[in-house]
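Encoded as structure tokens, the structure appears first; notes follow it.
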Amino acid sequence: VSTQSTWGPFLIGLLSTLFLLATNFEMPPNIRVYHKDSAYDLQIHGSCVNLQKINQKSTPRPWNQFLSILVSFFLPEGYPNSVTSDYLPYQIWDTTQAVCSYLRGLLCTQALLTGVGVGQSAVSVTSATVQWILRDGFGMFGGMLFAWSHASSFGHDIKQWRLFADVINDVGLTLELISPLFPHYFLLLACLGSVCRSLCGVSAGATKAALTMHFAKNNNVADISAKEGIQETAVTLIGLVAGLWFTQWLDGSFFGTWVTFISLTVLHVYANVRGMKALSLCSLNHQRSYHLCQYFVENGCKGNTVLTPQQVSFQETIIWSDSNSPSIHLGAAPQQYINNSQQYTQLEQLVSQIHKYCPEFYLEQGATDNVFPYIITISASSSIVSFFDINSSKRDHLKCFLQCLYLRSLLSSPNVDKTHPLIDSYKWISHSFPAFWSLIETAGWKTDELHLQEKQWRCSLAF
């Protein structure tokens, strides 16, 4: 029931309801009545009627309406529940760096046009066109070679490749901006700059797809991609408006152009670093797996705790790093480390000891025969080496990595009995890994997305 601004209609509605009750007309147990800016609940219990004011109706303010439209226009439907918590912080920094890149791109385009001779009567249109085509051609060819050689690794180290894309883009823009200063090397510098920008496009595009999958919580990848396109278009429009002001303000000033370019580059790098730091990725690459497993080896196995994706993100570096010291080789080639009868005999002795002291290692997943998912041994150079069975899974690989880290801690600890460190590690992993696997799934890690950068060698480990 809704009324206007006077009490008359409200009282008429109330009296009508009471009349219907008095005549035994069937009424619902609760009726909501509105008057002016107030709302009332008319609660009916048998012959008793209770009128209770429940809330104050609030008229949306124009500013709140504008914000609501803005959110629905630029952010995915259902935000913030439809995306991960790191979506908005990352997008803010990503938008900042994109504006910086667009503005610097205008400065570089102006420099390239000057370099090919635009505005000079002595330079032919054909010559300028040929230089521009060569520049674009070298960039495309370099991008194809780069994608071919690194395509399989873009999804492993998303933060590192995303930062690489922006750094190499900075290098490319710098080369393009300085190219007119060296007329004899203009074409070379312009081509190198184009190659760098192509590398940026390949790595940024590949990591963008992986990040979209990470942000999507409700199978809304298409929606997030569409809103990403709207955001990029808005950035371009902002860049166009700002670019018009920039070009008029600089007016071809050499000093002003370089001060502006350097300032925007510094802001661009800062925004990218902050954006990468804001991400809390749930997939397990080599570095995140190292922090996760190392913490469990040192602390977690005592209290049955593991690090969450947010905790690991604080420890994770955004540049490539090698977490294996001393060396750990995952999925090594057997012929490289077992190439004589003595080494083969040592491996047979190890297998015999595993059968004797910890058969649960290879029977953990219900195997009916003596098939080992992997074997870990110590090489002559004191490296920790592992061999994977042809049917080993990603779960087995993570289990092997965790055992390698535990074995490394045994070998490096001065207060641990080192009589049988290998067998001790097999016993430990057989009892600890089921709990570890359950804990990381509970903590929110995506166990189906595991990339340990292991080598591709596989062999049959049936004994």
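Owing to the predicted nature of the structure, the values given are computational and were not obtained by experimental measurement.
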Judged by modelled atom types alone, do [X] and [Y] share a side-chain donor-acceptor pair under 3.5 Å?
X	Y	answer
Gln91	Glu228	yes
His214	Ser283	no
Gln294	Glu298	yes

Show me the donor-acceptor pairs, under 3.5 Å and distance only, between side chains in residues 190-198 and residues at least two apart or in other chains.
from   : atom 1 : to     : atom 2 : distance (Å)
Ser194 : OG     : Arg135 : O      : 3.0
Arg197 : NH1    : Glu176 : OE1    : 3.0
Ser198 : OG     : Gly139 : O      : 2.7
Ser198 : OG     : Ser194 : O      : 3.1

Would you call Arg274 and Asp94 a salt bridge, taking side-chain N to carboxylate O under 4.0 Å as the test?
->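 Looking at Asp94 together with Arg274, the answer is no, because their closest N to O distance does not fall below 4.0 Å.
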
Electrostatic pair Asp157-Arg162, nearest N-O below 4.0 angstrom |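 No, no charged N to carboxylate O under 4.0 Å.
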
Tell me, please, which residues at least two apart from [X] pass salt bridge (Lys or Arg N to Asp or Glu O under 4.0 Å).
X	answer
Lys227	Asp223
Lys394	Glu454
Glu441	none

Centroid-centroid under 6.0 Å between Trp93 and Tyr270 rings =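 Under 6.0 Å, so yes.
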
Are His286 and Phe401 close enough that their ring centers fall under 6.0 Å?
->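 When the ring centroids of His286 and Phe401 are compared, they turn out to be within the sub-6.0 Å range.
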
Any [X] side-chain heavy atom under 4.5 Å of [Y] side chain:
X	Y	result
Phe261	Leu103	no
Val167	Val269	no
Leu264	Val99	no
Phe387	Ile376	no
Phe182	Leu188	no

Donor-acceptor pairs are to be reported for all side-chain atoms of residues 234-247 against protein atoms at under 3.5 Å, with residues two or more places apart or in another chain.
from   : atom 1 : to     : atom 2 : distance (Å)
Thr236 : OG1    : Glu232 : O      : 2.9
Thr247 : OG1    : Gly243 : O      : 3.1
Thr247 : OG1    : Leu244 : O      : 2.9

Tell me, please, which residues at least two apart from Phe154 pass ring-ring contact (aromatic ring centres under 6.0 Å, His included).
->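 With neighbours one apart ignored, the set is Phe146, Trp161.
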
What is the ring orientation for Phe388 with Tyr374, classed by angle as parallel under 30°, tilted 30 to 60°, or perpendicular over 60°?
->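 Phe388 and Tyr374: perpendicular rings.
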
Just by distance, do the side chain of [X] and the backbone of [Y] share a donor-acceptor pair under 3.5 Å?
X	Y	value
Asn272	His268	yes
Asp389	Asn391	yes
Ser82	Glu77	yes
Ser379	Ser383	yes

Mind running ring pair (Phe, Tyr, Trp, His ring centres under 6.0 Å) on Tyr90 and Phe215 for me, showing each step along the way?
-> CA-CA 10 Å; Tyr90 171 78; Phe215 292 135; 5.6 Å; yes

Which pair of non-hydrogen atoms, one from Ala443 and one from Val306, has the smallest distance, and what is that distance?
->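 So the minimum-distance heavy-atom pair works out to CB-CG2, 4.0 Å.
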
